[in-house]
Amino acid sequence: MIRIENIYKSFNGFEVLKGISFQVEKGEILALIGGSGNGKSVILKHIVGLMKPDQGHVFIDGKDIGLLKGNDLEEIRGRIGFLFQNGALFTSFTVYDNVAFPLREKTKTSEKEIRERVLKELDQVGLAGAENKYPAELSGGMIKRTAFARALVIKPEVMLFDEPTTGLDPIIAHTILDLIKSLHEHLGFTAIIVSHELSRVFQIAHRVAMLHEGRIWTVGTPEEILSSKDPVVRQFISGVTGGSLKLY
Amino acid sequence: MTWVKKLGGITLYGLQGMGRMGLFLAHTFFCAVTPPLKFSWIIKQIWFIGYQSTLVIILTGAFSGMVLGLQGFHTLNRFGSTALLGPMVALSLIKELGPVLSALMVTGRAGSAMTAEIGIMRTTEQIDAMELMGINPFRYLIVPKLIAGIIALPLLTAIFDVVGIFGGYFVGGKLLGVGEGTYFGEMANYVKIKDVLEGIYKSLSFGVIITWVCCYKGYSSGFGAEGVSKATTQAVVLSSVLILSWDYIMTSLLF
Ligand SMILES: Nc1ncnc2c1ncn2[C@@H]1O[C@H](COP(=O)(O)OP(=O)(O)OP(=O)(O)O)[C@@H](O)[C@H]1O
Ligand SMILES: [Mg+2]
């Protein structure tokens with residue numbers, strides 16, 4: 001479904017990605033982990049073509065996203081839901097209008113049906129009753145959940161979550177991850193989740209890829225990562241979880 | 001030799017910037033003449049650029065007219081031709097001061113806000129989010145501002161001119177004693193439709209310049225609060241300089 005081939009990217013001479021390759025199969029959930037500033041967000045932006053690699057390719061369904069233009073690019077992007085790390089909500093719109101925007105502008109859905117779908121999504125993320133608030137009036141966690149609802153409302157085939165739970169209190173963080181899991185069971189989307197919430201993410205991801213020093217350091221099932229003898233992996237996992245990470 | 005190198009570097013950088021700005025304008029015009037046009041977004045921008053600027057325009061218009069009346073009266077008095085105060089005030093305002101000062105005021109009031117708005121949308125990834133939804137940010141953000149600028153600037157300029165002419169009459173006529181019939185009558189004799197058109201052409205082009213420069217600077221602004229504040233300053237300076245220099249070019253072309 002998503003295939004990344006050997007991408008390199010530098011900013012002002014500083015090399016962030018140094019030959020990244022990995023694949024995500026259809027219906028799979030891949031967790032992307034790694035220290036802050038390692039380029040996780042940069043990778044996600046390459047997948048949707050917001051950034052262009054200096055070298056290498058990103059293929060979605062066999063199509064090189066870097067070469068697509070106009071309607072073809074729009075068509076592929078229309079199938080991808082993207083949760084930005086900081087939400088990227090439209091600050092001049094209310095919560096309701098933010099979530100309704102992609103439906104209003106890109107589909108022929110009636111205003112009545114839009115209302116149903118938007119309210120349902122907001123209810124799902126625990127934001128019922130906040131629909132008339134503006135982003136400036138929301139807490140960080142509420143912004144994230146609104147952005148989550150906005151990404152889901154178009155019923156995407158691929159979901160890219162950039163830290164869906166960072167900044168949320170533990171209860172809501174778990175609700176969101178559980179929601180991702182149950183939505184995945186219903187809708188069967190393909191997903192990449194960038195997260196530091198390892199214990200929970202390891203339970204819902206099929207595979208985990210760890211990014212370190214601009215490369216994919218290891219890829220494997222959560223069990224493989226947890227039992228890895230690699231000192232870098234061990235240090236990262238115990239650093240994030242205090243060494244107490246167990247599955248189940 | 002290093003200064004030659006530097007000069008070359010600056011020149012190239014400048015040319016590159018101009019090229020990018022040109023492409024930006026061309027793309028905006030292309031989006032403006034192809035459907036869909038977002039009417040509700042255009043109306044909102046006309047309200048913001050136009051309606052919300054009226055108070056500032058009325059104030060500056062009134063004082064510009066009053067000072068013209070005062071200066072003009074004393075200057076013309078030396079030649080004993082205060083009867084021509086009306087046409088002098090009107091022509092200065094309609095051909096020159098109205099369009100230029102309105103444009104400068106709108107740059108300060110609405111242009112800077114435009115740059116900041118778009119710049120913030122850029123650094124907070126709102127523009128990226130739009131693109132990912134398959135929504136062309138030019139159609140929603142830039143085109144409505146351009147069209148609103150083209151509509152609002154001539155109207156604001158007209159308000160500026162009218163208020164200014166009455167400001168001039170207030171000082172020259174009411175305070176210094178030029179007759180009402182002389183002031184307005186001579187105006188009708190001397191102000192030609194060509195002069196009015198010159199003012200309208202100028203204000204139309206200023207509407208393009210302001211929205212073009214301010215939107216471009218916001219759209220290409222650097223990251224973070226620093227990037228946006230820098231872009232805003234640059235937008236106001238560049239837009240003002242372009243307004244004044246384009247004004248000179250237009251004046252010399254229209255004569
Ligand atoms: N638009 C940009 N311009 C310049 N440098 C950038 C840009 N975007 C990212 N970078 C740089 O790329 C590196 C990786 O950034 P990225 O946001 O991908 O990190 P991350 O892994 O997502 O970290 P975090 O967990 O903190 O979100 C950083 O050093 C950052 O400074
Ligand atoms: Mg990130």
Side-chain angles (χ1 to χ4, degrees), chain A residues 11-12 41-42 44-52 60 65 68-93 97-107 135-136 140 143 146-148 150-154 156 158-160 162-163, chain B residues 9 13 23 27 30-31 34-49 52 110 113-145 148 215 218-228:
Chain A
F11 294 104
N12 313 320
S41 302
V42 170
L44 293 191
K45 284 181 188 165
H46 276 86
I47 295 176
V48 288
L50 281 177
M51 287 183 177
K52 300 261 178 280
I60 295 179
I65 192 104
L68 293 180
K69 284 208 173 66
N71 287 341
D72 297 335
L73 183 60
E74 211 172 280
E75 191 267 326
I76 289 243
R77 283 176 169 175
R79 291 155 49 199
I80 303 177
F82 195 105
L83 176 69
F84 283 88
Q85 187 165 356
N86 60 18
L89 295 185
F90 301 125
T91 35
S92 54
F93 286 4
D97 288 334
N98 260 288
V99 181
F101 191 61
L103 290 178
R104 273 193 193 135
E105 301 298 332
K106 296 311 286 184
T107 66
I143 287 177
T146 309
F148 188 83
R150 188 178 69 179
L152 282 174
V153 80
I154 56 166
V158 178
M159 278 293 320
L160 306 175
D162 198 347
E163 310 205 3
Chain B
Y13 186 78
L23 287 177
H27 190 67
F30 172 76
C31 290
T34 50
L37 272 186
K38 307 310 292 182
F39 283 103
S40 60
W41 296 57
I42 296 174
I43 303 292
K44 227 169 140 183
Q45 288 304 320
I46 294 178
W47 180 77
F48 175 69
I49 300 175
Q52 294 208 320
M114 261 183 245
T115 309
E117 180 198 341
I118 297 178
I120 286 170
M121 290 189 77
R122 166 65 77 199
T123 80
T124 56
E125 297 172 319
Q126 294 178 49
I127 291 183
D128 288 344
M130 275 195 163
E131 253 174 58
L132 288 192
M133 291 173 185
I135 288 163
N136 183 340
F138 274 76
R139 293 195 189 282
Y140 286 75
L141 298 176
I142 317 284
V143 169
K145 291 187 168 63
C215 290
Y219 202 77
S220 59
S221 85
F223 282 86
E226 197 190 343
V228 176

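Order of the sequence lines sets the chain letters (A, B, ...), proteins ahead of strands, with each chain counted from 1.
Within 6.0 Å of the NZ atom in B/K44, the count of heavy atoms belonging to other residues, nucleotides or ligands does not exceed 12. Atom CD of B/Q52 has more than 12 heavy atoms from other residues, nucleotides or ligands within 6.0 Å. Heavy atoms of other residues, nucleotides or ligands lying less than 6.0 angstrom from CZ of A/F11 number more than 12.
In this structure, A/E163 has no salt bridge (charged side-chain N to carboxylate O under 4.0 Å, His left out) partners at least two apart in sequence or on a different chain.
Residue contact with chain B, scored on non-hydrogen atoms closer than 4.5 Å, involves the backbone of A/L89 exclusively.
Contact between B/A129 and A/A88 at its shortest, heavy atoms only, is CB-O, 4.0 Å.
Rounding to the nearest 0.5 angstrom, the gap separating the CG atom in B/L141 from the OG atom in A/S92 is 8.5 Å. Taking CG of B/L132 as the reference point, atom CG of A/L50 lies at 4.5 Å (rounded to 0.5 Å). Atom CE of B/M133 and atom CZ of A/R150 lie 3.5 Å apart (nearest 0.5 Å).
Inter-residue side-chain proximity for A/F101 and B/I135 is flagged as met; some heavy-atom pair is nearer than 4.5 Å.
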Fill in: Residue pair A/E105, B/R139: steps toward the salt bridge (charged side-chain N to carboxylate O under 4.0 Å, His left out) verdict
CA-CA 12 Å; A/E105 301 298 332; B/R139 293 195 189 282; over 6 Å; no
Practice prompt. Decide side chain to side chain contact (heavy atoms under 4.5 Å, CB included) for A/K45 and B/E125; before the verdict, give the C-alpha distance in whole Å, the side-chain angles of both, and the deciding distance to 0.1 Å.
Written response: CA-CA 11 Å; A/K45 284 181 188 165; B/E125 297 172 319; 2.5 Å; yes
